[in-house]
2 protein chains.
Amino acid sequence: MLAFGQFAVYELFVMKKFIPLFLALAGALSVHAKIVTQTAEYKQGDTTLEGYLAYDDSISGKRPGVLVVHQWLGLTDYEKHRAEQLAQLGYVAFCADIYGKGIRPQNVSEAGAQAGKYKSDRRLLRARVNAGLDALEKNELVDTKRVAAIGYCFGGTTVIELARSGANIAGVVSFHGGLDSPMPADGKNIKCKVLVCHGADDPFVKAADLAAFEDEMRQANVDWVLIKYGGAVHSFTQPRAGNDNSKGAAYNERADRRSWAAMKMFFAGIFHD
Amino acid sequence: MLAFGQFAVYELFVMKKFIPLFLALAGALSVHAKIVTQTAEYKQGDTTLEGYLAYDDSISGKRPGVLVVHQWLGLTDYEKHRAEQLAQLGYVAFCADIYGKGIRPQNVSEAGAQAGKYKSDRRLLRARVNAGLDALEKNELVDTKRVAAIGYCFGGTTVIELARSGANIAGVVSFHGGLDSPMPADGKNIKCKVLVCHGADDPFVKAADLAAFEDEMRQANVDWVLIKYGGAVHSFTQPRAGNDNSKGAAYNERADRRSWAAMKMFFAGIFHD
């Protein structure tokens, strides 16, 4: 094998044209990354919660941690897959369980009841999501100075509540989350950066709530960015939501792809700058 | 020098840790790119216009072209610098001249008069910006299937008018542009993708104009994205605007950096997918 010095001297002038090749090889190598996943119980008060951990075992050393908060259906394969995608990006990902071990709504009626319980009790919601954050940060692979949280729908609302609770993290990302707040003055507690990925045609986020959210961020001098995706309604990152916008919730491949890329760019800014 | 085959065999397993090095070297090499710049006269009707071309002479073959449209002060060093930045990214960049050769406002009063003339005559504005697009597309280095336009303030308004004129291009990006339209029905002519980078506290873009713009995009089924940057006012990409938000126009380094990155991601989507 060539020593690095020789490599640098002999290969420098052909480097530029080889860059795409190098990137392709890096991509090929990452396919062989060993993503380890496991369920993990933790507690909030006396309540047992069951989260899901994912990380790349082929990377050594501490790395950023990302908390993933579920939709109103509770922790499903959808969030687990997102955690695995985050692990492939080199992060330690942990899916929080807001509802509790074994509480996995089987239909929209059960989902509405569970989500409603926490949306009407923001103190409890904040306690639950902070318990998930603690569980993530206790993982020895996590660099606790570089932690973020992302959430979908109900989970989007939840990560903004995590920020409003004053969590000492780097950033939160909401994907089609509800943006209403019963306690807008709590915006002043926000210490982290906020990215909101929003479907421009989402009928479940009222214009008044959107305006109030913006004012909350403004008044509290938060570092925030809001992206509106044209043609996207609620649940735009969720393939199982179908493709009928008239239902108010539908998958939108374009907005899904763009919002994931925006999240990666946001992470680059908060973790690697 | 090692042949590629040897390189691949021997170096593959250390590739992953060398990627940052490769990228650093690529960055170092790009500094040696030879950016060629030149002023270029062209016509709209009987009026002579004087634009500014920039491209990297070390790249061979056709590449995407990007039209750059100036602020209300007319074509200045600011837009020329942006064109050079775009050339460094590998694009052929051409700064349009909307006002005409020699018409370079020296103060805000002259700037207001010139900008006002075109903002109140959108047909003329569209003719002028399309003349710039033609000039760019006539450049033999431009791949005319991959052309976009970006603009700042007045230029942001102008590139959206370019889209509304039905220009057959891939996309437009407005940075802190005015979003009003005297002819909102013209949204139906838009064939390209639209990215709007907007300061969330910009006092020069009225809430009603923003809402009308969104409705125009919605009604016309345009592929559009709007990004609101918290804490940013008008002119957030313009270092000469100072840092006093209370004036309504000020530089915002964070929003400048993020919007440039968003533009690059947008270009990746429209040029390279």
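Computed from a predicted model, the values in this text were never measured in an experiment. Numbered from 1 within each chain, the chains take letters A, B, ... in sequence-line order.
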For this session: Work out which heavy atom in A/Tyr152 is nearest to a heavy atom in A/Thr237; give both atom names and the distance.
Result: CD2-OG1, 3.3 Å

Exercise. Roughly how far apart are A/Leu86 CG and A/Asp56 CG, rounded to 0.5 Å?
Worked result: 12.5 Å

Exercise. Is there a donor-acceptor contact under 3.5 Å from the side chain of A/Asn245 to the main chain of A/Gly231?
Worked result: yes

Exercise. Hey, is the main chain of B/Asp256 close enough, under 3.5 Å, to the side chain of B/Arg258 for a donor-acceptor pair?
Worked result: no

Seminar exercise, completed: Sorted by chain and residue number, the side chain to side chain contact (heavy atoms under 4.5 Å, CB included) partners of A/Asp57 (sequence neighbours excluded) come out as A/Lys34, A/Val36, A/Tyr55

Exercise. Which answer fits B/Met217, side chain, backbone, both or neither, if we ask what part of it has an atom under 4.5 Å from a heavy atom of chain A?
Worked result: neither

For this session: Dump the intermediate steps for side-chain hydrogen bond (donor to acceptor under 3.5 Å, both in side chains) on A/Tyr91 and A/Arg146, then the final yes or no.
Result: CA-CA 10 Å; A/Tyr91 303 125; A/Arg146 295 187 292 164; over 6 Å; no

For this session: Could you tell me which residues satisfy side chain to side chain donor-acceptor pair (under 3.5 Å) with B/Gln238, sequence neighbours excluded, listed by chain and number?
Result: none

Exercise. Between B/Asp202 and B/Lys247, does at least one N-O distance fall below 4.0 Å, as a salt bridge requires?
Worked result: no

Exercise. In Å and rounded to the nearest 0.5 Å, what is the CZ to CD distance from A/Arg218 to A/Glu214?
Worked result: 5.5 Å

For this session: Using a heavy-atom cutoff of under 4.5 Å, enumerate the residues of residues 219-230 of chain B that contact chain A, numbered in order, or state 'none'.
Result: B/Asp223, B/Trp224, B/Val225, B/Leu226, B/Ile227, B/Lys228, B/Tyr229, B/Gly230

Problem set entry | Point-to-point distance, once rounded to the nearest 0.5 Å, from CZ of A/Phe236 to CZ of A/Arg257 | 13.0 Å

Exercise. So which residues of residues 164-201 of chain A are in contact with chain B at a heavy-atom cut-off of under 4.5 Å?
Worked result: A/Lys193, A/Ala200, A/Asp201

For this session: Identify which part of B/Arg254 has an atom lying under 4.5 Å from any heavy atom of chain A, answering side chain, backbone, both or neither.
Result: side chain

